[in-house]
Each structure stands twice: as C-alpha cells, then as structure tokens.
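Below is one structure, written out as structure tokens, with a few remarks after it.
Letters go in sequence order (proteins before strands), and every chain restarts at 1.
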Amino acid sequence: MAALQPVRGTHDLLPEDHRRHRHVIDNAAGVSSLYGYEFMSTPIFEFTQVFKRTLGDTSDVVTKEMYTFTDKGGDEITLRPENTAGVCRAFMSNGLAQHAPVRYFYGGPMFRYERPQKGRLRQFHQIGIELIGAPQPQADIEVIACGAAILDRLGILGRTELELNTLGDTASRTEYRNALVEYFSDHKDSLSEDSRDRLNRNPLRILDSKDEGDRKLIVDAPVFSDYLNQESQEFFATVRQGLDDIGIGYRLNPRLVRGLDYYCHTAFEFTTTELGSQSAVMAGGRYDGLMEMMGGQPTPGVGWAAGIERLSMLATEPEGGARPVALVPMGEAAERQMLKLAETLRHAGVQVDMAFGGNMKKRMKRADKVNASQAVILGDDELARGVVQIKDLATGEQIEAPMDGLAARLAPPM
RNA sequence: GUGGGUGUAGCUCAGUUGGUUAGAGCGCCAGAUUGUGAUUCUGGAGGUCGUGGGUUCAAUUCCCAUCACUCACCCCA
C-alpha cells in the first residue's frame with residue numbers, strides 16, 4: 001500500500017478538483033487580461049543558481065525547502081519553489097528589455113519541501129502576475145488593483161484584508177536592518193531561541209514574533225519610518241494615494257515583512273482568517289533588485305503570487321460542466337449507425353456519451369449516471385424508418401424525430 | 001524540523017471494557033417477463049480494522065515503532 005501512496009504533500013487532481021482549479025485560473029487569467037497581462041509559462045525547473053541567487057542564502061526556502069538534485073549531465077537543478085525568479089530569468093534570456101514594461105500572468109505547480117498542513121502542500125499551484133520594467137509607483141497600484149479584481153471575481157475579496165507595508169529602497173532598508181541587528185544584539189540574551197536565529201537570517205522577522213519576551217523588546221526597537229529616506233516615503237505615499245483613489249481599502253502593517261530577499265518598497269498581502277494558520281491568500285511586492293542579483297541589468301519589477309489551492313478553498317463552487325446527450329443503440333446495425341451519428345454530432349458541437357456495450361437498460365442507466373440531458377434511442381424499427389426516439393431524461397417525455405438534421409436539433413444554442 | 005490528535009468497506013462513520021462469522025447509511029453489482037434511466041422492492045459482492053513488531057492461550061481492541069492525514073509552532077501561497 002505504501003508504494004501506492006502519492007508522495008507526501010502531493011495530491012491527485014481528479015476532474016472535480018481540476019474544475020475548481022480551472023475556475024480559479026480561468027477567472028484570474030480573464031481578469032488580468034483586462035489589465036494587459038498575458039499568459040506565459042517558464043519551465044518547472046531551473047538551474048539551482050536561479051533561485052539561490054535571488055531568494056537569498058538565508059531564506060527558509062533556500063536553506064531547507066528546495067527540491068534540488070543533480071541531473072545526469074551533472075547540472076544542479078531545482079524544482080521551482082516560486083515563479084518570480086523564473087519569469088525574470090526568462091525576461092533576460094529572451095532579451096525582453098526592449099519591450100519593457102511587460103505584463104505576464106502565469107499559473108502552475110510549485111514545489112517546497114515543507115511539512116504539509118491545510119492549505120500547505122509540497123506540490124502546490126500558484127497563479128501570479130509580474131509587471132517588469134516599470135519603476136513607477138503607479139505600477140504597484142495597478143498590480144494590487146488587478147489582484148483585488150481577481151479576488152472579487154472569485155467572490156472572496158470581502159473575506160480578505162489587504163495588508164500593506166513598505167520596505168523602503170535598498171539604502172533605507174539596509175540602514176534599518178543594521179539598526180535592528182544592533183538593537184537586538186544588545187538584548188540577545190532576552191531574545192527567544194527562534195528570534196536569535198532570525199537575527200542572523202532575517203532580523204526584520206523578529207518584529208513579527210509571537211513570543212512574549214520578544215514583544216517586550218520590540219516595543220522599544222527602532223522604527224522603520226525613521227529610516228525611510230525621502231524618496232522611499234514619497235513612493236509609498238503615492239501608492240497609498242492611488243489605492244485610496246480607486247477605492248481599495250487596506251490596513252497598514254509595519255510588521256509585514258517578506259521572507260525573500262529581493263523585495264523592496266511596496267509589500268502587500270491579502271489575508272484571511274478562514275484557512276487556519278495559513279493566512280496569506282495572495283502576496284507580493286516590488287523587487288527592483290532581483291535582476292541585478294541574477295547578474296543582469298538592473299530592472300524594476302512588481303508582482304504577486306496566489307495559491308490556487310487556497311483560493312479554490314475560499315472561492316464559490318463553480319457550476320458543473322455541460323451535460324451530454326446519451327446515444328442508446330440496440331442491435332449491431334443500430335450500433336454501427338450510432339457510431340457514425342456520434343461523430344456527426346460531436347463535429348457539430350454536441351457533447352456525446354455512448355457506452356461501449358450493454359443492453360438497453362444498462363445504457364439507459366449509464367445515460368443517467370453521466371448526467372445526460374437526453375437519450376437518443378435507435379433500434380431496428382427506427383433504423384428502417386430513418387428516425388430516432390429522443391427521450392428527455394428529466395421529464396421522461398419521449399418524441400420521435402428524423403435522423404437527418406439531428407445535429408441541428410441537439411446542438412446547443414450559439 | 002518540533003509538539004498534539006486521528007487512521008475500521010469506494011465514501012461518511014458506528015463498534016469491540018482482549019474471546020467464534022466486524023456493522024449501518026450512501027455508493028457498486030444483479031434481479032422484479034418482451035425496447036426505457038433516475039424513484040420503489042428484493043438479493044449480492046466488497047474489510048489481512050493504515051503497516052511492522054511486542055505482550056497474551058487469544059489483539060482490530062493493550063504497548064512500541066513506522067507511514068499517512070490533520071491541528072499548532074516555524075515558514076509561507
């Protein structure tokens with residue numbers, strides 16, 4: 001049995017699950033296309049360096065969550081834990097700087113070696129958008145607005161809250177980071193074990209600690225706004241003004257910190273209380289330093305990613321698919337005729353179900369099971385007269401109709 | 001990676017204070033005379049009680065380990 005189990009933290013997407021995923025992807029792609037974002041995909045694995053350089057050597061994702069292996073050619077390969085680095089790599093590989101700014105929408109599987117939980121998997125799926133090549137704060141506003149519109153389309157915007165923060169530009173952030181490290185280093189003995197670890201890896205995270213002792217220290221810790229330079233302050237003010245102007249509510253959360261190194265300026269997260277300890281539904285921000293980190297020309301970017309599993313747990317149930325017409329032949333001659341008819345109907349756009357065998361009763365049962373709207377019945381008698389019986393499976397009404405022109409009769413209205 | 005909970009039929013769950021053949025509902029299969037489903041009635045199949053080890057005359061039940069799921073921490077989508 002163990003061998004027949006899927007790998008921990010991975011799931012099969014059976015048709016029903018897939019319908020929910022597609023519902024999320026289709027709506028998100030549809031809405032983002034209104035903002036000019038076009039679907040694109042990058043490979044699900046990249047050279048390990050693509051992620052190592054961009055995510056930061058100390059981030060959890062890099063230190064313990066990557067699925068990394070050496071392939072047969074000796075290359076170090078990693079299954080993508082997120083897609084921003086891949087999209088940026090693609091932007092550079094394809095020389096797209098000349099087309100900047102570019103807008104991309106993506107969706108697909110991501111991989112992180114984590115302990116599974118509700119809304120947290122080892123293979124999960126994300127959708128996301130990236131707006132590359134636009135340094136203006138208006139780009140941040142557009143990206144957030146697009147995300148909000150998607151959540152709204154999925155019927156979950158009302159159950160989320162937009163949290164907003166600024167991480168400042170690199171200069172501000174570095175200065176603040178240093179101040180924090182200095183402050184907490186002085187109180188190192190009072191810090192929790194987790195936070196002592198954070199001090200080396202990501203000191204900003206300490207601000208979000210749930211440990212009571214830490215919280216006491218945090219009260220007197222340096223405040224980021226004191227370290228934000230003029231430019232960073234203006235940038236953030238413009239973003240906030242824009243959100244106000246288009247009526248997107250948000251809550252300032254100075255503790256909102258990104259785990260990944262490449263973020264700067266705007267950081268945001270749409271959160272919910274409906275997913276247990278996983279609160280983030282859609283999260284993103286600005287990553288102006290990323291391309292440079294990868295060895296390319298400095299290029300600004302903003303974007304977000306959202307977990308499809310999390311979204312589909314919150315989204316309203318999509319409607320069931322179209323209902324087929326069931327073909328019920330009786331006898332060998334009728335079966336051959338039906339095979340031809342089935343093709344004709346399908347080419348005319350009618351969804352058709354025909355069992356591979358069985359008597360009439362079995363076929364009718366199957367018609368019911370596949371949720372057919374109508375059954376088209378053909379026996380020797382009908383065959384001789386060139387007609388079929390059409391039975392409405394909801395009402396039980398049955399009428400006779402000529403075989404010619406059946407497609408037009410059964411085809412869904414345009 | 002750390003700690004708690006759970007694991008009985010395809011699904012949702014009873015149950016066994018250790019003792020012959022482990023139950024229900026739903027689902028599945030078959031039948032209720034000739035070419036009619038869903039409804040109704042009758043019958044049937046399906047479980048090494050997650051897996052491995054231990055204690056015992058005897059374990060699905062107690063103990064240990066392991067795996068999976070789940071919740072929290074960590075982290076994040």
Side-chain angles (χ1 to χ4, degrees), chain A residues 1-11 14 24 55 58-65 80-84 107-128 147 160 192-195 197-198 201-202 205 208-211 256-260 269-272 275-284 303-314 326 328-331 334 353 355 358-383 388-398:
Chain A
M1 193 66 187
L4 295 180
Q5 274 171 346
V7 173
R8 184 175 205 190
T10 66
H11 285 295
L14 298 179
V24 169
L55 301 179
T58 57
S59 74
D60 273 31
V61 171
V62 168
T63 53
K64 55 186 199 194
E65 292 177 1
R80 62 185 189 191
E82 54 90 46
N83 210 172
T84 300
M110 309 292 160
F111 307 85
R112 290 184 198 174
Y113 189 85
E114 295 187 278
R115 188 99 176 241
Q117 241 182 75
K118 181 180 186 179
R120 197 168 85 176
L121 305 164
R122 287 186 175 180
Q123 177 181 337
F124 61 107
H125 300 79
Q126 282 186 335
I127 51 169
T160 63
S192 67
E193 205 182 317
D194 277 341
S195 286
D197 190 40
R198 290 181 181 115
R201 296 145 48 90
N202 193 346
R205 273 254 168 255
D208 207 14
S209 174
K210 287 167 187 166
D211 183 85
L256 179 63
V257 173
R258 311 275 59 195
L260 310 179
E269 227 168 77
F270 285 90
T271 60
T272 179
L275 287 178
S277 65
Q278 269 62 246
S279 58
V281 173
M282 174 183 279
W304 52 252
I308 296 177
E309 284 83 359
R310 291 184 185 179
L311 290 173
S312 73
M313 277 190 277
L314 297 169
V328 181
M330 280 170 294
D353 179 88
N359 58 24
M360 184 177 193
K361 191 182 175 97
K362 275 190 176 162
R363 288 173 185 272
M364 288 301 289
K365 259 189 148 146
R366 180 179 166 83
D368 194 63
K369 194 185 279 182
V370 298
N371 194 28
S373 55
Q374 295 161 301
V376 174
I377 301 160
L378 181 70
D380 290 340
D381 174 47
E382 285 84 1
L383 193 57
V388 295
Q389 306 290 334
I390 301 175
K391 179 167 186 172
D392 185 307
L393 292 170
T395 63
E397 263 173 63
Q398 189 165 312

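- At least one donor-acceptor pair under 3.5 Å links the side chain of A:Arg310 to the backbone N or O of A:Gly119.
- Rounded to the nearest Å, the gap between the P atom of B:rG25 and that of B:rG31 is 22 Å.
- The nearest whole Å value for the distance from the CG atom in A:Asp368 to the P atom in B:rA38 is 6 Å.
- Between A:Lys362 and B:rG37 there is no side-chain polar atom (N or O) within less than 4.0 angstrom of OP1 or OP2.
- Taking atom C1' in both B:rU48 and B:rU12, the straight-line distance is 23 Å, to the nearest Å.
- Note on A:Gln117: a side-chain N or O is less than 4.0 Å away from OP1 or OP2 of B:rA72.
- Between B:rC29 and A:Lys369, a contact under 4.0 Å exists linking OP1 or OP2 to a side-chain N or O.
- Rounded to a whole angstrom, the distance from the P atom of B:rG46 to that of B:rU55 is 34 Å.
- One can place CG of A:Asp353 at 15 Å from C1' of B:rA38, the figure rounded to the nearest angstrom.
- In this structure, A:Asn359 reaches neither bases nor backbone, as no heavy-atom distance under 4.0 Å exists between it and the strands shown.
- Nucleic acid contact for A:Ala367: none, since no nucleic acid atom lies under 4.0 Å from a heavy atom of the residue.
- Looking at A:Glu382, its side chain comes within 3.5 Å of the base of B:rG35 through a donor and an acceptor atom.
- A:Glu397 has its CD atom 19 Å from the P atom of B:rU36, to the nearest Å.
- Atom P of nucleotide B:rA38 and atom CG of A:Asp392 are separated by 16 Å, given to the nearest angstrom.
- Between A:Arg363 and B:rU36 there is no side-chain N or O to OP1 or OP2 distance below 4.0 Å.
- Within the nucleic acid shown, A:Glu114 comes within 4.0 Å of at least one base atom, counting heavy atoms only.
- Heavy-atom minimum distance, A:Val328 versus A:Ala375: CG2-CB, 4.3 Å.
- Among the protein residues, A:Lys365 comes within range of the sugar-phosphate backbone only, with heavy atoms under 4.0 Å from sugar or phosphate atoms but none that close to a base.
- A donor atom on one side chain and an acceptor atom on the other are not found under 3.5 Å apart for A:Gln126 and A:Glu82.
- Between the side chain of A:Gln398 and the base of B:rU36, a donor-acceptor pair under 3.5 Å is found.
- When the side-chain nitrogen and oxygen atoms of A:Lys361 are compared with OP1 and OP2 of B:rG37, one or more of them lie within a distance under 4.0 Å.
- We find that CZ of A:Arg115 is positioned 10 Å from P of B:rC67, with the value rounded to whole Å.
- Counting non-hydrogen atoms under 4.0 angstrom, A:Glu269 reaches nothing in the nucleic acid.
- The residue A:Ile377 sits close to a base: some heavy atom pair falls under 4.0 Å.
- In the set B:rG35, B:rA38, B:rU70, the nucleotide with an atom closest to the side chain of A:Met360 is B:rG35.
- Looking at heavy-atom distances under 4.0 Å, A:Met282 makes contact with sugar-phosphate atoms alone, never a base.
- We find that OH of A:Tyr113 is positioned 20 Å from P of B:rC74, with the value rounded to whole Å.
- A:Val281 comes within 4.0 angstrom of sugar-phosphate atoms only, judged by non-hydrogen atoms across all strands, and of no base.
- Listed in residue order, the members of residues 120-128 of chain A having a heavy atom less than 4.0 Å from RNA chain B are A:Arg120, A:Leu121, A:Phe124, A:Gln126.
- Evaluation of the side-chain contact (heavy atoms from CB on, under 4.5 Å) rule for A:Pro116 yields A:Arg8, A:Arg122 as partners, not counting sequence neighbours.
- Spacing of P atoms, B:rA45 relative to B:rA30, comes out at 15 Å, to the nearest Å.
- Rounded to whole Å, the distance from NE2 on A:His11 to C1' on B:rA68 is 10 Å.
- In this structure, A:Arg198 atom CZ and B:rG1 atom C1' are separated by 14 Å, rounded to whole Å.
- What you find for A:Phe270 and A:Thr160 is that their closest heavy atoms are CD2-OG1, 3.9 Å.
- Using a 4.0 Å heavy-atom criterion, one finds that A:Gly331 contacts no nucleic acid atom at all.
- Of the possible donor and acceptor atoms, one in the side chain of A:Glu309 sits under 3.5 Å from a partner among the backbone N and O of A:His125.
- A gap of 10 Å separates the C1' atoms of B:rU60 and B:rG18, to the nearest Å.
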Could you spell out the base pairing of RNA chain B as a dot-bracket line? Use Watson-Crick and G-U wobble contacts where both distances are under 3.5 Å, [ ] for crossing pairs, | for partners on a different strand. (((((((..((((.....[...)))).(((((.......))))).....(((((..]....))))))))))))....
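- Base contact: A:Arg310 has a heavy atom under 4.0 Å from a base atom.
- Distance noted for atom P between B:rU33 and B:rC69: 50 Å (whole Å).
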